[in-house]
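Everything on this sheet refers to the single structure shown next.
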Amino acid sequence: MMRAWILPVLLVLSGAAVAAGMFFDGSPGTAAAVLPAFLALAGMNSPLIFPRSISAQEAQRRSAVDGRPVVYWRPGCKYCIRLRLRLGRSARRLHWVDIWRDPAGAAAVRAANDGNETVPTVVVAGRPHTNPDHAWVRDQLTC
């Protein structure tokens, strides 16, 4: 879990340092614009925007019971962030697997994508779908 927080923390610290330097160099307006940009980047890369990740094995087990899709993702992936944000509250109904934290999840993604760790990869009823449209993923929750 610690690894997922490294990038957001570095972005916040870097943004604070850059903004402080600009402020003390006499550019408070620029500093006021730069800091929120760094904070937004940190937020987008934060594990807080994603539901709690579980292991690939647990996600597959749960999916077999409730029929909900499994989403393989990784922190910092802009396509994963886009999918998560567009799904809104319904994202919490999916089973999320962070492939950087789960080697079995990474292996499942490589098996589905010709050896590449392309995410998001959404598995529905045992069939993988790479970078699917959010509306399609949401529709899979109602089936």
If you compare all heavy atoms of A19 against all heavy atoms of A31, which two are closest, and at what distance to 0.1 Å? O-CB, 3.2 Å
Using the rule that two of Ile, Leu, Val, Met, Phe, Trp, Tyr join whenever any of their side-chain heavy atoms come within less than 4.5 Å, decide whether W100 and Y79 are in one cluster. no
Mind checking whether H95 and I54 have side chains closer than 4.5 Å, heavy atoms only? yes
Where V70 and S63 come nearest, the two heavy atoms and their spacing: CG2-CB, 3.7 Å
Closest heavy-atom pair, R93 versus R68, reported as atoms and distance to 0.1 Å, is O-CD, 2.7 Å
Rounded distance [0.5 Å steps], NZ in K78 versus CG in L85: 14.0 Å
P69 and V122: which non-hydrogen atoms are nearest, and at how many Å? CB-CG1, 3.8 Å
Short question: side chain of R84, backbone of G88 - any donor-acceptor pair under 3.5 Å? yes
Could you give the distance from NE2 (H134) to CG (D139), rounded to the nearest 0.5 Å? 9.5 Å
Evaluate the side-chain proximity of R138 to L87: yes if any heavy-atom separation is below 4.5 Å, no if none is. yes
Before giving the answer on side-chain contact (heavy atoms from CB on, under 4.5 Å), spell out for F38 and L10 the whole-Å C-alpha distance, their side-chain angles and the decisive distance to 0.1 Å. CA-CA 10 Å; F38 273 89; L10 287 175; over 6 Å; no
Starting from L13, can I reach F23 by hopping between I/L/V/M/F/W/Y residues whose side chains sit under 4.5 Å apart? no
The test is side-chain contact (heavy atoms from CB on, under 4.5 Å); show your working for N116 and R110 and say whether it passes. CA-CA 5 Å; N116 298 309; R110 285 191 303 271; over 6 Å; no
Can you tell me how the ring of W73 sits relative to the ring of W96, calling it parallel under 30°, perpendicular over 60° and tilted otherwise? perpendicular
In the structure I gave you, are the side-chain heavy atoms of Y72 and V123 within less than 4.5 Å of one another anywhere? yes
Heavy atoms only: give me the nearest I99-R74 pair and the separation to one decimal. CG1-CB, 3.9 Å
Assess, by modelled atom type and distance only, whether the side chains of D102 and S55 contain a donor and an acceptor separated by less than 3.5 Å. no
Of all heavy-atom pairs between V97 and S53, which one has the smallest distance, and what is that distance? C-OG, 4.2 Å
Interatomic distance, CG@L141 vs CZ@R92, rounded to 0.5 Å, equals 13.5 Å
Any side-chain donor near an acceptor of the partner, N131 and T118, under 3.5 Å: no
